[in-house]
Protein chains: 2
Amino acid sequence: METVEKLTKTLRNHGMKITPQRLMIFKILENNTSHPSAEQVFKRVKKIYPTVSFTTIYKTLETLRDLGEVQELIIDEDRKHYDPNTDTHHHVICSNCKKILDVFEDFSQHVKLPDTLKKDYTVSGFQISFHGICKDCN
Amino acid sequence: METVEKLTKTLRNHGMKITPQRLMIFKILENNTSHPSAEQVFKRVKKIYPTVSFTTIYKTLETLRDLGEVQELIIDEDRKHYDPNTDTHHHVICSNCKKILDVFEDFSQHVKLPDTLKKDYTVSGFQISFHGICKDCN
DNA sequence: CATTATCTAACAATCATTATTATTTAAATT
DNA sequence: AATTTAAATAATAATGATTGTTAGATAATG
């Protein structure tokens with residue numbers, strides 16, 4: 001799990017500046033297991049910095065993604081979600097409310113690309129998305 | 001794999017009309033393993049029906065998805081893709097060119113939602129997305 | 001504290017997708 | 001075969017998430 005300190009250090013190491021807005025975003029992401037969308041991050045930052053721009057949120061999340069510090073989740077058909085936990089893990093999403101929970105189980109021993117496709121793709125990893133209905137929605 | 005005949009029958013059974021545009025879309029989807037986006041379907045239909053509207057493509061794909069006749073793939077961050085193969089299977093996508101191939105292997109014996117989450121979600125299925133670089137891109 | 005490269009905020013633009021609506025048409029009925 | 005009608009099409013506008021642009025602001029360094 002990425003901490004404010006680690007994110008700060010990583011950005012500094014890449015010649016990037018640590019602004020109050022960015023620090024706020026780091027704080028929101030630290031220990032965050034809610035898989036927020038850009039808008040959800042925006043709304044929370046806005047409470048502290050009412051003048052913050054949506055662009056700043058998008059740009060910072062893009063930066064963190066490019067640095068490998070957050071995972072961009074393509075699982076909700078409507079919008080991207082962000083996960084500060086970059087360790088390999090999986091997700092379950094509610095088809096109704098789109099709530100996402102983590103699935104920490106190592107399937108790597110059993111889930112492998114079939115040999116017939118190994119010559120066509122150099123695989124860097126895999127993502128399992130469980131789909132269902134959460135208990136709040138049924 | 002859904003055939004033109006099956007799709008025609010299904011729509012008829014639901015009181016829907018079989019138009020030339022729809023038949024063309026059915027034909028394009030039949031035996032199609034290229035996981036086209038709506039735009040790719042649109043372009044192919046347009047060659048035969050130059051006046052076809054993008055809306056028609058979207059509406060028809062939505063209809064087919066709602067009837068369970070095509071699978072909507074949320075795997076490419078930029079756009080949705082459509083798969084007429086509704087049997088359970090998985091995919092590998094090239095992070096560079098976004099080419100998607102099918103992965104026909106049954107992982108269901110090993111991939112299950114952990115017991116700790118079973119009380120929170122009623123799971124209907126899962127989707128595995130392998131990520132990598134295809135041989136054309138490296 | 002002065003410099004400078006980067007970042008922010010505001011705004012416009014883009015792109016995929018969806019909504020609206022008047023017109024057309026498939027197909028059931030006469 | 002003509003009529004009817006519910007549904008589909010095409011054209012268009014609208015939406016909503018995301019990205020691009022740019023002028024001014026600011027973090028970080030010496």
Side-chain angles (χ1 to χ4, degrees), chain A residues 4 7-26 28 35-67 69-70 72-82 98 100, chain B residues 4 7-26 28 35-67 69-70 72-82 98 100:
Chain A
V4 172
L7 294 176
T8 299
K9 192 174 291 182
T10 303
L11 262 73
R12 283 241 164 79
N13 286 345
H14 284 82
M16 293 165 174
K17 294 177 177 173
I18 308 304
T19 64
Q21 292 91 333
R22 284 184 169 176
L23 267 178
M24 189 66 206
I25 294 172
F26 296 171
I28 287 166
H35 311 88
S37 64
E39 192 189 9
Q40 290 169 322
V41 174
F42 174 63
K43 281 184 175 163
R44 289 193 55 188
V45 175
K46 215 175 177 181
K47 286 183 182 166
I48 312 296
Y49 294 98
T51 65
V52 75
S53 160
F54 222 139
T55 315
T56 302
I57 308 300
Y58 273 110
K59 286 276 159 64
T60 300
L61 290 171
E62 179 191 43
T63 298
L64 292 173
R65 182 204 55 193
D66 291 347
L67 293 171
E69 301 293 331
V70 303
E72 204 171 60
L73 302 183
I74 311 301
I75 179 173
D76 176 352
E77 58 179 3
D78 294 326
R79 53 185 60 76
K80 293 168 186 166
H81 290 259
Y82 295 88
K98 309 300 171 69
I100 299 168
Chain B
V4 172
L7 295 176
T8 299
K9 192 175 291 184
T10 303
L11 262 72
R12 282 240 166 79
N13 285 344
H14 284 81
M16 292 166 175
K17 294 177 176 173
I18 306 305
T19 64
Q21 293 90 333
R22 284 184 167 173
L23 267 178
M24 189 67 207
I25 294 172
F26 297 172
I28 287 166
H35 310 89
S37 63
E39 193 190 7
Q40 290 170 323
V41 174
F42 173 63
K43 282 185 175 162
R44 289 193 54 188
V45 176
K46 216 175 174 179
K47 286 184 183 164
I48 312 296
Y49 294 99
T51 65
V52 74
S53 161
F54 223 138
T55 314
T56 302
I57 309 299
Y58 274 112
K59 282 274 159 62
T60 300
L61 290 172
E62 180 191 43
T63 298
L64 291 174
R65 181 203 56 193
D66 291 347
L67 293 173
E69 300 293 333
V70 302
E72 202 171 62
L73 301 183
I74 311 300
I75 180 172
D76 176 352
E77 57 180 4
D78 294 326
R79 53 186 58 76
K80 293 169 185 164
H81 291 258
Y82 294 87
K98 309 301 173 66
I100 299 168

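Each chain gets a letter, A, B and so on, in the order its sequence line appears, and its residues count up from 1. Note that the structure is a prediction, hence the values are computed from the model and not measured.
Distance from the side chain of A:Q21 is smallest to C:dA9 among D:dT19, D:dT9, C:dA9. Listed nucleotides: C:dA27, D:dA28, C:dA26. Nearest to the side chain of B:P20: C:dA26. Closest to the A:Y58 side chain, of the nucleotides D:dA8, D:dA28, D:dA17, is D:dA17. Which of D:dA10, D:dT19, C:dC7 sits closest to the side chain of B:T55 comes down to D:dA10. With D:dA8, C:dC11, D:dA28 as the candidates, the nucleotide lying closest to the side chain of B:T19 is D:dA8. Each of D:dT21, D:dA8, D:dA10 was ranked by its minimum atom distance to the side chain of A:K59; first place goes to D:dT21. Closest contact between the side chain of A:K17 and the listed nucleotides C:dC7, D:dA11, D:dT9 involves C:dC7.
Side-chain atoms of B:H81 come within 3.5 Å of backbone atoms of B:H35 as a donor-acceptor pair (strictly under, hydrogens ignored).
No more than 12 heavy-atom neighbours from other residues, nucleotides or ligands sit within 6.0 angstrom of NZ on A:K46.
The only option from B:T60, B:I18, B:T19 that meets the side-chain contact (heavy atoms from CB on, under 4.5 Å) definition with B:L11 turns out to be B:I18. Only one option out of B:R65, B:Q40, B:E72 pairs with B:Y82 in a side-chain hydrogen bond (donor to acceptor under 3.5 Å, both in side chains); it is B:E72.
Rounded to an integer number of Å, the gap from CG of A:D76 to P of C:dA16 is 18 Å. Taking atom CE on B:M24 and atom P on C:dA26, their separation rounds to 17 Å, with Å as the unit. Here D:dT29 presents its P atom at 13 Å from CG of A:L11, a figure rounded to the nearest Å. Spacing between atom CZ of B:F42 and atom C1' of D:dA11 amounts to 12 Å, rounded to whole angstrom units. Atom CD1 in B:I18 sits about 10 Å away from atom P in C:dA28, given to the nearest Å. Between the CD atom of A:E77 and the P atom of D:dT18 there is a distance of 13 Å, given to the nearest Å. What separates NE2 of A:H14 from C1' of D:dA28 is a distance of 17 Å, to the nearest Å. For the pair B:I57 CD1 and D:dA10 C1', the computed distance is 12 Å after rounding to whole Å.
Checking the phosphate oxygens (OP1, OP2) of D:dA28, a side-chain nitrogen or oxygen of A:R12 falls inside 4.0 Å. B:K80 has a side-chain polar atom (N or O) that falls below the 4.0 Å cut-off from OP1 or OP2 of C:dT18.
Positionally, the nearest nucleotide of DNA chain C for B:R79 lies more toward the 5' end than for the other of B:R79 and B:E62. Mapping B:R22 and B:T51 onto DNA chain D by nearest heavy atom places B:R22 at the nucleotide closer to the 5' end. Heavy-atom nearest nucleotides on DNA chain C were determined for B:F54 and for B:M16, and the one closer to the 5' end corresponds to B:F54.
Side-chain contact between A:R79 and A:K98 is absent, with no heavy atoms from C-beta onward closer than 4.5 Å.
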